[in-house]
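Everything on this sheet refers to the single structure shown next.
Throughout, residue positions are numbered sequentially from 1 according to the sequence presented.
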Amino acid sequence: MTQVDHKKLLAERLSARLGRRAVLKGLGAGIVAASTAGSFPAIARAQQSGHLKIASIKVIDTLDPHFTGFLSAIQVINNIHNGLLKITYDGTEVKFEPDLAETWDLEDDKTHVFKLREGVMFHDGTPCDAEAVKFSLLRVKEGTPASPHAWKLELLTEVEVVDPLTVKLHFSEPYAFLPVALNGSTGRAGTIVSPAAVQKYGADYGRNPVGTGPFKFVSWRENDAIELEANPDYFEPGMPKLERVTFVLMNEASTALAALMSGQIDGMTDCPMQLVDQVAKFPRATLYGEIEGNYTFLGMNCKRGPFTDINLRRAAAWALDRDTLVKQAYFGRAQAAFTPISPPMTGFFDPDIATSGRGQWFDLEKAKSFRAQAAEQGEVEVTYMMAERGPVGTRVAQTIAPMLAQVGIKANLELIEPAAWVKRRNEGDFDLYDFEWVADLDPDEAIYPEFKSDGAWNFCGWVNTEFDDLCKRAQVLLDTAERAKLYHAAEDLLMDEAPIGIMTHMPIYKVFSNKVQGFQYIPADLVNLHTVSLA
């Protein structure tokens, strides 16, 4: 058997994901270095001006990056905090690059050394140093209460402070997911928070966030707005360009669009699909969006009620006509999904999956066959909770209900307000619901935290230890093809036992007034505003 050079593989993998050609030549050789090395130079101050007002449509639960599961919250958090790494996008490829880290070295296949930028301060005036990084990572890994992102650092065995600006991370195994886990946006596990602020505010940190980002938190007025102001000491020269940012909390997308068209606001963090055609015809705004790393699904409660029956779940999953859902619920802008792994995940997504025989697809006869094997043979009546949330609101539920009726499942649609919907989902108080997992940059985050047996986001309550084991094994493999085999096997279990009915992969749209200059679109549902200015 040929011995695998894990060190070389990890270096090549990380270099490829970062878009570099650096070669690991020995212990301590740098894989990635920021464009400026050595001591941190004097910051070129930005001349901040302008007040950007942007509508936030979806529910924001908390501004504590270590505890949120909502990208609507990350869209705000990412402007307040930084991570060790950050996400960039050049129009064709998502990359992971240093952020608070000035250099990232690989000492061996399980040991990563991060040299931090010099002179970076939190908004409260305390230093962002190696101790702060250690505090933040351990808060995620082993803090109380437990962070839902702790799984991302499960393989982390030690955070070693080498000197005030150097931190060494020791892992029990090579960790292919590391670049995603340590970025400060969708990764969240790598977001660095002020230890002093956490100690001061405790459980209320989510309403008083303190980071190192381009904007400082000012206030959060419930059901009104979240206010940010420029950080004049931000470490990126010339950034931010804006003086103030207001995230206007608006429940109704149509109201937000009317405000945009009348000039009351400058953009929308999310533009529902039913409004896209209208926005596209509006000459004074620009629409951003494409198929992203995501999937939508029908969730079934595996812990209580009729969907504890695997055959009833399978009947529901195979009764979903994805083409009809795409046309009627997603306005023809999504694409049918067969498994959770989505098109942007190069090396993992199978472009021929529609003819592969893998996953779930619409097959009414197969659905009826599963239904005939269910314990309950009469009509099964269930509650389908829905809310005016997500990219298409209640259209999915309304489209699915008649499909389920064809296999003897009567879905009573219950419309509740979004915050109550979230609470009931989190507590497992439902029979059916539909949802979307978005901004997934790696198969591990696409399926593992959502469906591992004891996962914080496993709202369906599905348990399969073989699935758990496959995902854990894939985490420590560095070869993409070998990882893909394991994730495909894990997906096959998920799709077969059907705690969810997979539906679509979709674009997520954002819209800005044409007077907004410099917005950099990233296909991870982020709204990064440090480069933005107002014409």
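Once rounded to the nearest 0.5 Å, the distance linking CD1 of Ile74 with OG1 of Thr186 reads 8.0 Å. Within the model, atoms CD1 of Ile192 and CG of Leu137 stand 5.0 Å from one another, a figure rounded to the nearest 0.5 Å.
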Determine, step by step, whether Leu529 and Leu52 satisfy the side chain to side chain contact (heavy atoms under 4.5 Å, CB included) criterion, reporting the C-alpha distance in whole Å, the side-chain angles of both residues, the deciding distance to 0.1 Å, and the verdict.
CA-CA 9 Å; Leu529 300 176; Leu52 179 77; 3.9 Å; yes
Set out, in order, the CA-CA distance, both residues' side-chain angles and the distance that settles side chain to side chain contact (heavy atoms under 4.5 Å, CB included) for His123 and Phe217, then state yes or no.
CA-CA 9 Å; His123 301 152; Phe217 173 80; over 6 Å; no
Go through the steps for Ser194 and Asp124 under the test side-chain hydrogen bond (donor to acceptor under 3.5 Å, both in side chains), then give the verdict.
CA-CA 8 Å; Ser194 163; Asp124 58 8; 2.7 Å; yes
For Lys452 and Asn458: C-alpha separation, side-chain torsions, deciding distance, then whether side chain to side chain contact (heavy atoms under 4.5 Å, CB included) applies.
CA-CA 7 Å; Lys452 70 173 180 174; Asn458 184 358; over 6 Å; no
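Trp462 and Phe467 have their aromatic ring centers within a separation under 6.0 angstrom. Taking the six-membered ring for Trp, Tyr205 and His66 have ring centres at least 6.0 Å apart. In this structure, Tyr288 has its ring center no closer than 6.0 Å to that of Tyr509.
Ring geometry for Phe114 against Trp104 counts as parallel: the plane angle stays under 30°, on a 0 to 90° scale with 60° as the upper cut. Ring geometry for Tyr433 against Phe430 counts as perpendicular: the plane angle is over 60°, on a 0 to 90° scale with 30° as the lower cut. The aromatic rings of Trp437 and Phe297 sit parallel to each other, their planes meeting at less than 30°, with 60° as the upper class boundary.
Using a 4.0 Å cut-off between charged nitrogen and carboxylate oxygen, Lys423 and Glu417 do not count as a salt-bridge pair.
The side-chain heavy atoms of Leu100 and Thr212, taken from C-beta on, include a pair separated by under 4.5 Å. Val120 is not listed as a side-chain neighbour of Tyr234, based on a closest heavy-atom distance of 4.5 Å or more.
Between Leu260 and Met268, the closest heavy-atom pair is CD2-SD, 4.5 Å. Closest of all the heavy-atom pairs between Lys510 and Leu526 is CE-O, 3.4 Å.
For the pair Arg425 and Phe435, the distance from NZ or CZ to the six-membered ring centre is under 6.0 Å and the angle to the ring normal is within 45 degrees.
Between the Asn82 side chain and the Gly213 main chain, a donor and an acceptor come within less than 3.5 Å of each other.
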